[in-house]
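Each chain gets a letter, A, B and so on, in the order its sequence line appears, and its residues count up from 1. Source: prediction; values computed, not measured.
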Number of protein chains: 2
Amino acid sequence: MSVDDAVDQVTQLKKMAALFHALADPTRLLILEHLLTGEHKVKELTEHLGLAQSTVSAHLACLREIDLVSVRTQGRASLYSRTESPQLSLILAQAVELASVTGSEHHWHEEHPNQPEEV
Amino acid sequence: MSVDDAVDQVTQLKKMAALFHALADPTRLLILEHLLTGEHKVKELTEHLGLAQSTVSAHLACLREIDLVSVRTQGRASLYSRTESPQLSLILAQAVELASVTGSEHHWHEEHPNQPEEV
DNA sequence: CGCTATCATCGTTAGATGGCGATGATAATG
DNA sequence: CATTATCATCGCCATCTAACGATGATAGCG
């Protein structure tokens with residue numbers, strides 16, 4: 001393995017870490033789950049989460065940086081929606097399974113057309 | 001949805017967040033990758049990572065709490081190995097793909113018998 | 001029984017982070 | 001233009017965390 005390859009690997013590991021970091025927060029996971037019902041305005045998310053608007057905006061900015069959500073401006077509102085990504089859906093589905101090993105599993109209503117929820 | 005279900009969902013979200021948090025660090029990802037070559041003593045990991053022994057031990061404790069690695073004591077050494085988990089392997093494989101979208105992809109030598117690295 | 005090697009844990013420190021209110025920017029409305 | 005609604009950004013604070021050195025615990029060795 002050359003040195004350049006090692007540098008690239010570090011870069012890749014950092015990217016992966018950043019991705020996982022974006023997912024390492026219950027609030028952001030809840031946002032991603034809620035966005036399964038379609039795009040939502042920031043205010044709607046704020047009411048749904050019961051958090052301050054600035055807090056929600058910060059979480060959305062975090063998700064936006066990793067390109068997990070997309071924004072669409074309409075008038076004064078910013079409509080957020082999940083970015084299409086089979087990889088992310090798979091990651092979340094597997095994480096649900098791992099987290100459901102113990103305790104009553106709460107079904108993340110993800111669209112996974114292949115495997116019919118075998119727990 | 002009842003209130004109890006909501007509480008369970010919060011619990012599940014916290015578990016998922018904890019899992020992702022364990023993966024949200026380049027050093028821990030590097031440890032998991034290195035453990036693909038088999039079990040390793042703490043000192044070996046310390047030399048491989050170039051970090052202090054206490055630091056490595058802390059990372060291993062973090063991975064152990066989420067049950068991503070297993071320990072096997074042998075003499076004075078603690079042999080660490082990755083816990084068997086198809087879900088985790090899938091998560092890491094998908095994360096590699098997502099992180100490889102831009103830049104030269106560095107192939108995480110994961111054992112994924114199904115899909116032959118379609119980037 | 002000393003001595004060394006290996007690892008876990010503790011205490012500390014510098015930096016990151018989630019939360020909030022306040023402020024600024026922008027667009028619809030009158 | 002003035003006002004209001006919506007959202008992003010800033011500053012602040014409490015908390016967390018990754019890194020380290022130092023210390024303690026345990027197992028092999030002479």
Side-chain angles (χ1 to χ4, degrees), chain A residues 10-11 13-35 38-82, chain B residues 10-11 13-35 38-82:
Chain A
V10 171
T11 302
L13 289 178
K14 284 185 181 178
K15 284 185 183 179
M16 293 176 62
L19 167 66
F20 286 129
H21 171 77
L23 299 175
D25 184 278
T27 299
R28 287 192 287 269
L29 290 176
L30 197 51
I31 290 176
L32 288 176
E33 186 196 23
H34 193 62
L35 286 183
E39 20 177 42
H40 284 282
K41 303 194 292 182
V42 176
K43 192 183 183 185
E44 293 173 350
L45 294 173
T46 298
E47 295 166 353
H48 180 70
L49 298 171
L51 293 177
Q53 176 261 322
S54 58
T55 302
V56 177
S57 248
H59 282 303
L60 289 172
C62 176
L63 293 172
R64 191 156 29 107
E65 266 183 74
I66 319 292
D67 202 49
L68 297 185
V69 298
S70 307
V71 211
R72 184 172 71 90
T73 302
Q74 171 159 334
R76 294 178 293 191
S78 294
L79 296 175
Y80 279 83
S81 59
R82 273 182 60 169
Chain B
V10 171
T11 301
L13 289 178
K14 284 186 180 177
K15 285 185 182 178
M16 294 174 63
L19 167 67
F20 286 128
H21 171 77
L23 299 175
D25 184 279
T27 298
R28 286 192 287 271
L29 290 176
L30 197 51
I31 290 177
L32 287 177
E33 186 196 23
H34 193 61
L35 287 183
E39 19 176 44
H40 284 282
K41 302 194 293 181
V42 176
K43 192 183 184 185
E44 293 173 348
L45 295 173
T46 298
E47 295 167 352
H48 179 70
L49 298 170
L51 293 177
Q53 175 260 324
S54 59
T55 302
V56 177
S57 247
H59 283 303
L60 289 171
C62 177
L63 294 172
R64 192 156 29 106
E65 267 183 70
I66 318 291
D67 201 48
L68 297 185
V69 298
S70 307
V71 211
R72 185 172 70 90
T73 303
Q74 171 158 335
R76 294 177 292 192
S78 294
L79 296 175
Y80 279 82
S81 59
R82 272 182 62 169

Quiz item: What integer distance in Å separates Gln74(B):CD from dT26(D):P?
Solution: 19 Å
Practice problem: Using only side-chain N and O atoms of His59(B), determine if any of them is under 4.0 Å from OP1 or OP2 of dA19(D). | Solution: yes
Quiz prompt | Within 6.0 Å of CD in Glu65(B), more than 12 heavy atoms from elsewhere | solution = no
Practice problem: Measure from CG on Leu51(A) to P on dT17(C) and round the result to the nearest Å. | Solution: 18 Å
Exercise. Assign each of His40(B) and Arg28(A) to its nearest nucleotide of DNA chain C by heavy atoms, then name whichever residue's nucleotide is nearer the 5' end.
Key: His40(B)
Exercise. Report yes if some heavy atom in the side chain of Leu32(B) is under 4.5 Å from a heavy atom in the side chain of Val69(B); otherwise report no.
Key: yes
Quiz item: Does any non-hydrogen side-chain atom of Leu19(A) lie less than 4.5 Å from one of Leu68(A)?
Solution: yes
Exercise. Verify, without hydrogens or angle tests, whether Arg28(B) (side chain) and Ala17(A) (backbone) share a donor-acceptor contact under 3.5 angstrom.
Key: no
Quiz prompt | Short side-chain N/O contact from His21(B) to OP1 or OP2 of dC16(D), under 4.0 Å | solution = no
Quiz item: How is Ser54(A) classified with respect to the nucleic acid when contacts are heavy atoms under 4.0 Å: base, sugar-phosphate, or nothing?
Solution: base
Quiz item: Leu30(B) has an atom CG; how far is it from atom P of dA19(D), in whole Å?
Solution: 11 Å
Quiz prompt | Donor-acceptor pair present, Thr55(A) side chain and dG18(C) base, under 3.5 Å | solution = no
Quiz item: Rounded to whole angstroms, how far apart are NZ on Lys43(A) and P on dC7(D)?
Solution: 8 Å
Quiz item: Do the side-chain N or O atoms of Arg76(A) get closer than 4.0 angstrom to the phosphate oxygens (OP1, OP2) of dT29(C)?
Solution: no
Quiz item: Which residue lies toward the 5' end of DNA chain C, Thr73(A) or Val56(B), if each is placed at its nearest nucleotide?
Solution: Val56(B)
Exercise. Answer yes or no: does a side-chain N or O of Thr27(A) lie under 4.0 Å from OP1 or OP2 of dG19(C)?
Key: yes
Quiz prompt | Whole angstrom value for the distance that separates P of dA25(D) from CD of Gln53(B) | solution = 16 Å
Exercise. Please state whether the phosphate of dA8(C), meaning OP1 or OP2, lies under 4.0 angstrom from any side-chain nitrogen or oxygen of Tyr80(B).
Key: yes
Exercise. May I ask you to test the Ile31(B)-Tyr80(B) pair for a side-chain heavy-atom distance under 4.5 Å?
Key: no
Practice problem: Starting from P on dA5(C), measure out to CD on Glu47(B) and report it in whole angstrom. | Solution: 13 Å
Quiz item: Which whole-number value in Å describes the distance from Lys41(B) NZ to dA5(C) C1'?
Solution: 9 Å
Practice problem: Figure out the CG/C1' separation between Leu63(B) and dA18(D), and round it to whole Å. | Solution: 13 Å
